[in-house]
Amino acid sequence: MKKKHPESISKSFSDRPNAAAPAADSPVSDQEFLEASSAGGETQRGDILAHVLNQHAIVSVADAKGRITYVNDKCVECSGYSKSELMGNDHRILKSDAHPPEFYAEMWRTIVGGKTWTGEIKNIKKTGEPYWVKATIVPRLDGAGRPVEYVSIRTDISREKAAEETRAQQETFDLSDAEVYMFWADTLRFFYVNKKAQEYWRLDSAEFFQKTPLDVTNEFKKEEFLEVLNSLTSGEKQNVIFRRNMTSPEGMKRPVEFRVQLVNPDGRRARFITIISDMSETLQAEKAKSEFIANMNHELKTPLTTLKGAIDLLKSGYAGDIPEKALNLFRVADRSRIRLEELIGDLLDAQAIENGQTISSLEKVDLSQVIEDAIGVVAGPFKEKDVRVFFFGTEGPVWVIGDRHRLRQAMKNLLSNAVKFSIQRGKVEVSLHVEEETVLVLIKDYGIGMPEEVRSRVFEKFTQADMSDRRASGGAGLGLSIVKAIIEDHGGTIECDSTSGKGTMFSVALKKCQDEEYALKATG
């Protein structure tokens with residue numbers, strides 16, 4: 001009897017006789033199939049091998065152009081696509097973004113050249129869920145040595161990959177100076193703690209795995225702890241960060257920062273990851289920074305006040321007539337003094353924001369009047385640069401609940417920013433729009449604008465449109481970060497729209513004040 005050549009095995013998947021093979025819905029067992037096949041002798045060996053392969057591996061066949069001509073049931077089960085969806089398509093239907101183009105180019109060069117390719121591939125199921133396979137692709141060649149079809153045999157290695165990823169992650173966590181805890185979302189039992197956590201609590205991993213976070217520390221009430229976790233499982237928050245004093249087994253207290261996040265891997269059990277960092281050194285550094293800024297404020301503002309008085313007296317003629325050129329120099333010195341005072345003020349404000357001291361008092365505020373006051377404050381720079389400002393307000397007052405001083409500061413910073421980046425003899429437009437529940441302030445200039453890389457981080461501290469030491473405009477890059485903090489602490493939002501060379505527009509949305517709302521806030 002003629003033996004079946006190995007290269008014809010792949011063909012047997014699609015067009016071999018089905019006499020010995022069970023139908024897709026047949027209840028015939030594997031053992032019955034093997035017994036029936038063995039009765040046919042060596043001629044049935046190819047069918048036996050094909051059947052065994054189908055039970056173990058993900059098998060597909062593609063023609064010379066890469067179009068799928070055959071898939072086994074395991075391929076359908078693993079990919080989530082039906083046979084009709086896969087047949088006639090190519091394997092790009094399963095392609096993920098995990099591999100670079102060079103990866104696939106090298107694969108095709110190998111199999112088109114008539115050689116077998118073996119490697120690991122990350123694919124994507126129809127549901128969007130990723131899965132990993134170890135693949136072997138064998139080209140079947142014609143008499144001239146050209147590929148006529150490609151047989152792909154793949155094994156699902158998703159579990160191995162997940163375990164490998166977990167091991168690598170845990171090795172990284174074991175090197176961390178922070179304590180890392182992982183516990184299941186359903187039972188809250190620990191299943192991983194890094195070495196730092198084990199050393200702190202004097203417990204090994206086996207002892208930890210019998211406990212929940214509430215068994216380890218009594219710093220939390222059960223209701224408070226579950227409320228934090230529920231805010232994550234409900235999707236209300238992506239992660240939770242807070243600070244707390246923690247008591248060690250020896251009774252020593254230390255300030256720590258908790259970072260809690262829910263991780264819900266595809267097809268795997270949901271778990272929480274908590275990272276606890278010791279904040280002792282950080283708090284000491286923050287205290288030192290606060291003391292330094294307070295001391296700098298005292299040490300610099302006193303001589304600056306004296307300098308202002310001296311300059312004002314000289315300009316008034318107290319020391320006699322002063323030449324016009326000298327007066328101009330005094331004006332330059334005075335502008336530099338003002339700029340230095342503003343810089344100190346920004347540093348103090350940035351520190352106050354970090355300490356949660358943005359807003360001091362809330363009252364019913366006419367936002368229209370606040371904007372007019374802010375325009376008056378920056379009138380000097382407007383005139384110096386010959387920039388015209390147009391305010392499109394409303395006929396009557398526009399009420400919001402807020403800190404009058406902080407809102408005026410926010411509007412002043414936005415207007416100063418608009419002047420700073422306007423062209424000579426340019427214009428700035430300020431408009432106030434009252435909607436059903438919100439008040440919208442638009443501040444638009446037609447100046448130099450911002451490139452995209454600056455616009456995306458314009459509200460971050462120390463961001464400058466021009467970071468060179470020759471930039472035309474001054475400032476430490478704190479103003480807009482302060483504005484954002486003020487607006488957000490009022491429950492509002494701020495957005496920036498800018499195009500390089502065409503100008504910038506900031507839009508601020510604040511909640512409109514209703515009389516009954518004010519009454520509630522006023523009575524506490």
Side-chain angles (χ1 to χ4, degrees), residues 1-18 20-21 24 30 33-34 37 42-96 98-125 130-161:
M1 243 172 232
K2 187 177 179 181
K3 292 184 180 180
K4 188 174 288 189
H5 194 276
E7 72 177 10
S8 66
I9 293 291
S10 64
K11 198 167 184 61
S12 70
F13 285 112
S14 53
D15 58 14
R16 64 181 168 81
N18 291 321
D30 290 346
F33 172 77
L34 291 174
S37 298
E42 195 172 350
T43 59
Q44 299 299 320
R45 187 175 300 277
D47 289 331
I48 295 173
L49 291 175
H51 175 74
V52 172
L53 192 61
N54 267 305
Q55 302 306 302
H56 172 74
I58 303 164
V59 182
S60 65
V61 180
D63 62 20
K65 293 183 178 180
R67 292 174 301 214
I68 298 172
T69 58
Y70 169 81
V71 291
N72 71 344
D73 290 340
K74 208 164 188 67
C75 184
V76 171
E77 175 189 343
C78 198
S79 70
Y81 289 96
S82 66
K83 285 189 177 182
S84 61
E85 288 175 311
L86 293 169
M87 298 284 279
N89 221 317
D90 60 38
H91 284 86
R92 280 179 291 189
I93 193 173
L94 305 174
K95 185 179 177 182
S96 72
H99 308 287
E102 295 78 18
F103 174 86
Y104 296 101
E106 187 274 331
M107 175 200 301
W108 271 103
R109 276 196 301 270
T110 302
I111 60 178
V112 169
K115 298 178 182 178
T116 298
W117 181 91
T118 300
E120 295 179 352
I121 306 176
K122 185 178 183 179
N123 287 334
I124 297 293
K125 297 184 179 184
Y131 67 103
W132 280 88
V133 295
K134 186 173 181 62
T136 298
I137 306 176
V138 182
R140 188 168 71 85
L141 310 179
D142 61 12
R146 293 186 297 264
V148 294
E149 67 177 5
Y150 304 100
V151 180
S152 299
I153 302 172
R154 301 180 294 280
T155 305
D156 191 330
I157 57 170
S158 300
R159 290 188 177 220
E160 291 86 341
K161 278 290 184 180

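What you are looking at is a predicted structure, and each value in this text was computed from that prediction instead of being measured. Count residues from 1 along the sequence. Just so it is clear, the values below take in all heavy atoms, side chains as well, and ignore hydrogens, waters and symmetry mates.
Of the charged side-chain nitrogens involved, at least one lies within less than 4.0 Å of a carboxylate oxygen, so that Lys161 and Glu120 count as a salt-bridged pair.
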**OP:** Any chance you could lay out the side chain to side chain donor-acceptor pair (under 3.5 Å) test for Ser60 and His91, step after step, and finish with the verdict?
**Re:** CA-CA 10 Å; Ser60 65; His91 284 86; 3.0 Å; yes
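Residues Pro147 and Ala64 approach most closely at O-CB, 3.7 Å, considering heavy atoms. Minimum interatomic distance between Tyr104 and Ser96 (heavy atoms only, all atoms of both residues): OH-O, 3.8 Å. Scanning both residues, Met87 and Val71, for their nearest heavy atoms gives SD-N, 4.2 Å. The two residues Asp63 and Tyr150 have their closest heavy-atom pair at O-CD1, 3.5 Å. Across every non-hydrogen atom of Ile124 and Tyr81, the tightest pair is O-CE1, 4.5 Å. For the pair Asp156 and Ile58, the tightest heavy-atom approach, listed with the atom from each and the gap, is N-CD1, 4.2 Å.
Rounded to the nearest 0.5 Å, atoms CD1 (Ile111) and OG (Ser152) are 7.0 Å apart. Rounding to the nearest 0.5 Å gives a distance of 10.5 Å between CD of Glu77 and SG of Cys75. Atom NZ of Lys95 sits about 9.5 Å away from atom CG of Asp90, to the nearest 0.5 Å. Atom CD1 of Ile121 is separated from atom CD1 of Ile157 by 9.5 Å, given to the nearest 0.5 angstrom. To the nearest 0.5 Å, atom CG of residue Asn72 and atom NZ of residue Lys83 are 7.5 Å apart.
Taking the six-membered ring for Trp and the full ring otherwise, the centers of Trp117 and Phe103 sit less than 6.0 Å from each other.
Contact annotation: the side chain of Tyr70 never approaches that of Val151 to less than 4.5 Å [non-hydrogen atoms, C-beta and beyond]. Side-chain atoms of Ile137 and Arg154, non-hydrogen and from C-beta on, never get closer than 4.5 Å to each other.
With hydrogens and angles ignored, the 3.5 Å screen pairs a side-chain donor or acceptor of Ser158 with a backbone N or O of Trp132. Listed for the Thr69 side chain is a donor-acceptor partner under 3.5 Å among the backbone atoms of Val61.
A search for side chain to side chain donor-acceptor pair (under 3.5 Å) contacts involving Glu85 returns Ser82, Lys126, not counting sequence neighbours.
Applying side chain to side chain contact (heavy atoms under 4.5 Å, CB included) to Val133 and the options Ile153, Asn123, Leu94 leaves one that passes, Asn123.
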